[in-house]
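What follows is a short report on a single structure.
Here the structure is a predicted model, which is why all the values come from computation and not from measurement. Counting convention: from 1, in listed order, for ligands and their atoms alike.
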Amino acid sequence: MMTSTTKFQSPVIPRDSDGFVKSFTLSSYNCPEASAARTFFEEYGFVVIANVYTPEQCNDTISDIWNVIESLVGQPLRNNEQLWTQEFWSRTGIVHEGIIGDASLWTRQILLNRQTPALHTAFASVLGTENLLVNQDRYGMFRPTKEHPERSTMTNLHLDMNPWLYIDKEDNSHQLETLSKLRYRSDDDWITENNEPGCAKIGELHVQGLVNLADNREEDGGFWLVPGFHKYLTQWADDHRDLSHCYGHYNQFIMIGRQHIPELYGAACHISSRAGSAILWDQRTMHGSRANQSQCPRYAQFFKMFPADHPAMTLERAEKRSKAIMAKLQAVNIDPEADLTPLGRKLFGLAT
Ligand SMILES: O=C(O)CCC(=O)C(=O)O
């Protein structure tokens with residue numbers, strides 16, 4: 001049992017001889033490797049699942065990221081690195097975090113990727129149920145910075161939740177109220193949906209994820225986290241109540257500067273992984289991204305999956321959610337019957 005005098009010690013992450021973090025290859029939900037992956041996840045607060053996207057899917061998705069960037073910037077530039085300037089990038093999304101799109105993105109590729117069976121198997125294995133819904137989110141792209149340090153993103157640690165509400169609430173009424181009010185009229189509603197993990201006393205498991213679309217090494221920047229932090233969050237939040245005043249009371253996104261938590265910045269590790277690998281992490285794990293320092297871009301797609309039978313998924317909310325998704329599918333000519341699989345229709349909440 002951790003007490004307020006317990007000092008947090010981050011476990012050392014196992015890596016292979018190429019420096020990539022140990023990964024698991026899953027043949028199905030509940031295969032022996034899936035239970036090993038789940039054990040790893042419980043210990044470290046994250047797990048890497050290999051071969052979730054095929055090489056072709058990675059290439060198609062990178063190409064889609066460039067389609068989005070070029071449509072936001074208003075001109076072709078993928079083949080001319082001279083044009084990857086601050087001025088153009090200021091139009092692409094949340095530039096200092098390397099996020100493409102301001103809220104959710106709705107291209108054909110980003111949507112169809114969400115029904116990838118191996119991605120579902122990865123989330124199902126960690127969440128312990130196959131009955132899941134998938135969220136709607138964005139892409140990540142970090143420009144190479146070796147010759148252009150001004151193109152660097154901000155190395156950061158954050159939580160996609162409010163840790164003080166999480167430890168103080170007696171039940172999940174705040175989560176239920178926030179989620180059941182969602183109308184999905186604004187793309188921001190999908191971010192709100194992601195960032196309500198309830199309270200510590202109820203202790204729901206919430207799992208976020210991403211797929212790296214190109215080999216992602218430490219020098220390329222990208223996803224990093226504080227291993228084992230999920231077990232320490234409640235103590236940390238209680239010990240750092242002074243920081244809560246820097247944020248709105250109901251703020252769902254808490255980014256904390258190095259000056260406040262130098263020990264966590266010191267403990268955070270880059271989760272290096274190969275192209276097509278998914279990284280899944282416990283939402284309570286302090287995480288974020290490191291800046292790129294190489295000549296290679298970093299490309300990723302972000303996700304969350306959660307149990308379809310969650311108590312906050314009221315009939316009314318489910319109807320509004322599926323209506324909003326249907327409109328987005330239609331806008332990119334995705335026919336749910338022809339283009340989505342039975343698994344895809346379930347994940348999008350469209351199956352009757
Ligand atoms: O991999 C990244 O760029 C950061 C992802 C992240 O922090 C998030 O999705 O919450």
What I want to find out is whether Arg108 reaches Asp60 closely enough, with some N-O distance under 4.0 Å, to be called a salt bridge.
no

Do the side chains of Lys323 and Glu319 get close enough for a salt bridge, i.e. N-O under 4.0 angstrom?
no

Distance alone, cut at 3.5 Å: any donor-acceptor contact between the side chains of Gln75 and Glu70?
no

May I ask you to decide whether Glu263 forms a salt bridge with Lys7, counting only side-chain N to carboxylate O separations under 4.0 Å?
no

With a 4.0 Å heavy-atom cut-off, what residues sit around ligand 1?
Phe142, His158, Asp160, Gln208, Leu210, Phe223, Trp281, His287, Gly288, Ser289, Arg298, Phe302

Residues Arg274, Asp18: salt bridge by 4.0 Å N-O rule:
yes

Residues Lys231, Glu43: salt bridge by 4.0 Å N-O rule
yes

